[in-house]
Undergrad: 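Before I ask anything, let me first share the structure, which is written out below as structure tokens.
Each chain gets a letter, A, B and so on, in the order the sequences are listed, and its residues count up from 1. Remember, predicted model here, so these are calculated numbers, not experimental data.
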2 protein chains.
Amino acid sequence: MTAKAASVELADVPAADTAISKAPRTERGKRTLRKLLDAAAAEFGERGYHEASISGITQRAGAALGTFYTYFDSKEQVFRALVDDMGRLTRQHIAERVTGTSDRLTAERLGLEAFIDFVRGHKDLYRIVMEAQFVAEDAYRNYYRVFAEAYRRNLVHASAKGEISPGHEEERAWALIGMSVFLGLRYAVWSDDRPAAEIAAAAAELITFGLSPQRGKGMS
Amino acid sequence: MTAKAASVELADVPAADTAISKAPRTERGKRTLRKLLDAAAAEFGERGYHEASISGITQRAGAALGTFYTYFDSKEQVFRALVDDMGRLTRQHIAERVTGTSDRLTAERLGLEAFIDFVRGHKDLYRIVMEAQFVAEDAYRNYYRVFAEAYRRNLVHASAKGEISPGHEEERAWALIGMSVFLGLRYAVWSDDRPAAEIAAAAAELITFGLSPQRGKGMS
DNA sequence: TCTGAAGTTGAATATTGACTCAGGTTTCGG
DNA sequence: CCGAAACCTGAGTCAATATTCAACTTCAGA
């Protein structure tokens with residue numbers, strides 16, 4: 001289900017990660033690869049990396065066991081491909097909902113709201129990212145390194161423009177990412193009945209009074 | 001090593017979780033159980049749950065394979081015992097370093113500093129907690145539920161006393177926990193060369209300006 | 001229609017590792 | 001010093017499943 005939503009983007013990129021010899025050369029091959037990727041996302045998301053089985057993936061995809069190895073070298077390789085993809089998708093989704101926003105404080109709120117929405121719509125893929133910490137740690141670190149670096153840049157920029165108080169931007173970036181991740185875990189993965197905007201607003205209030213150079217309410 | 005540091009506390013409690021029939025009845029038994037718990041912490045911490053093997057645990061403990069099953073019902077059971085223990089140890093350690101602090105904002109800084117220090121000293125056990133999300137999800141949720149609940153209470157209390165601005169305390173609690181967790185991951189687990197106090201101060205600044213009812217610098 | 005490259009198949013292989021158990025050793029109260 | 005309870009031992013059982021591979025099918029182009 002969730003996997004389905006991501007399938008379009010997923011199928012566009014994997015050639016970059018997949019060994020050249022494994023790339024599909026025909027329409028049929030492309031279709032099969034996509035089915036396998038979606039199935040893998042669902043299987044990993046539902047059962048976790050170790051409980052997941054290749055036969056589970058191929059069954060979901062309606063393919064034979066051996067077909068998996070036509071497109072992937074190993075179980076871990078698909079997993080990594082999915083993690084990398086999730087990074088791209090997440091950044092893209094948040095960027096879309098934040099671009100055009102003039103000031104950082106508003107961007108913080110909208111970004112968090114977008115993040116929570118995104119996680120809600122991609123629970124299985126999100127679970128894969130989190131589990132990557134134990135399955136493909138380098139992919140996991142990279143995922144957050146890229147996020148933190150971009151975040152830090154935004155903060156430095158906003159600080160220069162006087163939209164936020166100057167401070168330790170790197171630590172701030174990691175702290176803010178941590179906030180998002182846990183709010184996402186608690187209010188998107190574990191329970192998603194509260195409006196995302198509500199959670200985002202509450203957190204934004206916390207963040208804002210921490211970042212605002214003004215002394216008054218700075219919710220933009 | 002890290003496991004060693006925790007061994008005293010570890011050995012004191014497990015009887016509560018272990019099936020009654022499995023509790024050691026002699027000095028020798030207690031000693032063996034402790035060795036197994038320490039070994040399990042080291043094995044799980046270093047290799048992760050699935051890579052870890054019972055034989056690895058018993059080898060580290062200098063015991064035979066079968067001995068493991070004298071004290072535990074399964075691989076998962078030891079793991080859960082370690083997660084629960086980590087919760088107790090963490091709360092205790094933070095509480096020790098925070099009690100006596102009069103105001104919440106100072107407590108936030110000291111608490112974060114204590115947390116980072118603690119994680120640095122218990123990397124393997126901390127990794128176990130994080131991996132619990134995928135191995136024993138209920139234990140993981142419980143771990144953070146207890147934290148969040150206590151945190152929320154502290155915030156409500158501080159809010160009533162006027163030490164912090166009133167707000168959405170539950171969301172704040174989760175956000176702040178997320179901060180700590182990620183700062184811990186980044187500056188304790190992944191790299192621990194920066195002074196913990198420095199990280200804590202940077203984060204406290206962020207937190208303080210978000211919580212302080214005063215408009216000025218409120219670092220206590 | 002023919003051909004071979006691409007794709008598909010699923011039984012077979014090989015490894016791994018949790019857990020059992022029957023038999024030995026240690027401990028300790030009496 | 002005895003005997004039973006507690007403890008320890010490690011080879012063996014058993015299930016799971018990642019990966020391989022040789023035979024088979026599809027299909028686009030000549």
Side-chain angles (χ1 to χ4, degrees), chain A residues 11 14-15 18-40 42-44 46-82 131 134-136, chain B residues 11 14-15 18-40 42-44 46-82 131 134-136:
Chain A
T18 309
I20 297 153
S21 66
K22 301 256 178 178
R25 276 145 221 269
T26 69
E27 263 316 309
R28 181 163 65 132
K30 274 184 194 158
R31 239 179 297 132
T32 303
L33 172 56
R34 173 176 306 179
K35 278 195 299 181
L36 284 172
L37 279 166
D38 290 350
E43 175 82 0
F44 283 133
E46 273 176 35
R47 318 227 296 151
Y49 183 79
H50 294 279
E51 287 292 308
S53 69
I54 307 298
S55 76
I57 292 171
T58 52
Q59 263 172 264
R60 280 173 199 259
L65 190 50
T67 302
F68 177 89
Y69 292 94
T70 303
Y71 299 104
F72 303 102
D73 292 325
S74 68
K75 187 180 180 180
E76 191 177 320
Q77 196 209 353
V78 221
F79 190 83
R80 284 174 181 275
L82 291 171
E131 192 166 13
F134 306 98
V135 173
Chain B
T18 310
I20 298 153
S21 65
K22 302 255 178 179
R25 278 145 219 269
T26 70
E27 263 317 309
R28 179 164 66 133
K30 274 185 192 154
R31 239 178 298 133
T32 305
L33 172 56
R34 174 175 306 181
K35 277 195 299 180
L36 284 171
L37 279 166
D38 290 350
E43 175 83 359
F44 284 133
E46 273 176 36
R47 317 225 299 151
Y49 183 79
H50 294 278
E51 288 291 310
S53 69
I54 307 298
S55 76
I57 293 172
T58 52
Q59 262 172 264
R60 282 173 198 259
L65 220 188
T67 302
F68 177 89
Y69 292 93
T70 303
Y71 298 103
F72 302 102
D73 292 325
S74 66
K75 185 180 181 182
E76 192 177 320
Q77 197 210 352
V78 221
F79 189 82
R80 285 175 181 275
L82 292 170
E131 192 167 12
F134 306 98
V135 173

Undergrad: Taking only side-chain nitrogens and oxygens of B:R28, does any of them come within less than 4.0 Å of OP1 or OP2 of D:dC7?
TA: no
Undergrad: Rounded to whole angstrom units, what separation is found between the OH atom of A:Y69 and the P atom of D:dA18?
TA: 6 Å
Undergrad: Could you tell me whether the phosphate oxygens of D:dC7, OP1 or OP2, come under 4.0 Å of any side-chain nitrogen or oxygen in B:T26?
TA: yes
Undergrad: Once salt bridge (charged side-chain N to carboxylate O under 4.0 Å, His left out) is applied, do any residues pair with B:R47, and if so which ones, sequence neighbours excluded?
TA: B:E43
Undergrad: Which nucleotide of DNA chain C is the first, and which the last, in the 5' to 3' direction, to come under 4.0 Å of a heavy atom belonging to chain B?
TA: C:dA18 to C:dT27
Undergrad: Need to verify one output field. Residue with the more 5' nearest nucleotide on DNA chain C, A:E27 or B:F68?
TA: A:E27
Undergrad: Could you pull out all residues at least two apart from B:R28 that satisfy salt bridge (charged side-chain N to carboxylate O under 4.0 Å, His left out)?
TA: none
Undergrad: Could you check how far CD of A:E43 sits from C1' of D:dA18, rounded to whole Å?
TA: 13 Å
Undergrad: Could you state the NZ-C1' distance from B:K22 to D:dA6, rounded to the nearest angstrom?
TA: 14 Å
Undergrad: Between B:F72 and B:L33, is any pair of side-chain heavy atoms under 4.5 Å apart?
TA: yes
Undergrad: Which residues pass the ring pair (Phe, Tyr, Trp, His ring centres under 6.0 Å) test with B:Y49, sequence neighbours left out?
TA: B:F44, B:F79
Undergrad: What are the two closest non-hydrogen atoms of B:G29 and B:P24, and how far apart are they?
TA: C-CB, 3.4 Å
Undergrad: CD1/B:I57 to OG1/B:T67 distance, rounded to the nearest 0.5 angstrom?
TA: 12.5 Å
Undergrad: Measuring only between side-chain heavy atoms, which start at C-beta, is B:K22 closer than 4.5 Å to B:Q77?
TA: no
Undergrad: Report the residues that fulfil salt bridge (charged side-chain N to carboxylate O under 4.0 Å, His left out) with A:E51, sequence neighbours left out, ordered by chain and then residue number.
TA: none
Undergrad: Using whole Å, what does the distance between atom C1' of nucleotide D:dA6 and atom CZ of B:R31 come to?
TA: 13 Å
Undergrad: Considering only heavy atoms, which members of residues 57-67 of chain B lie under 4.0 Å from some atom of DNA chain D?
TA: B:A63, B:A64, B:L65, B:G66, B:T67
Undergrad: To the nearest 0.5 Å, what is the distance between OH on B:Y71 and CG on B:L36?
TA: 7.5 Å
Undergrad: Output the rounded distance in Å from CD (A:Q77) to C1' (D:dA18).
TA: 14 Å
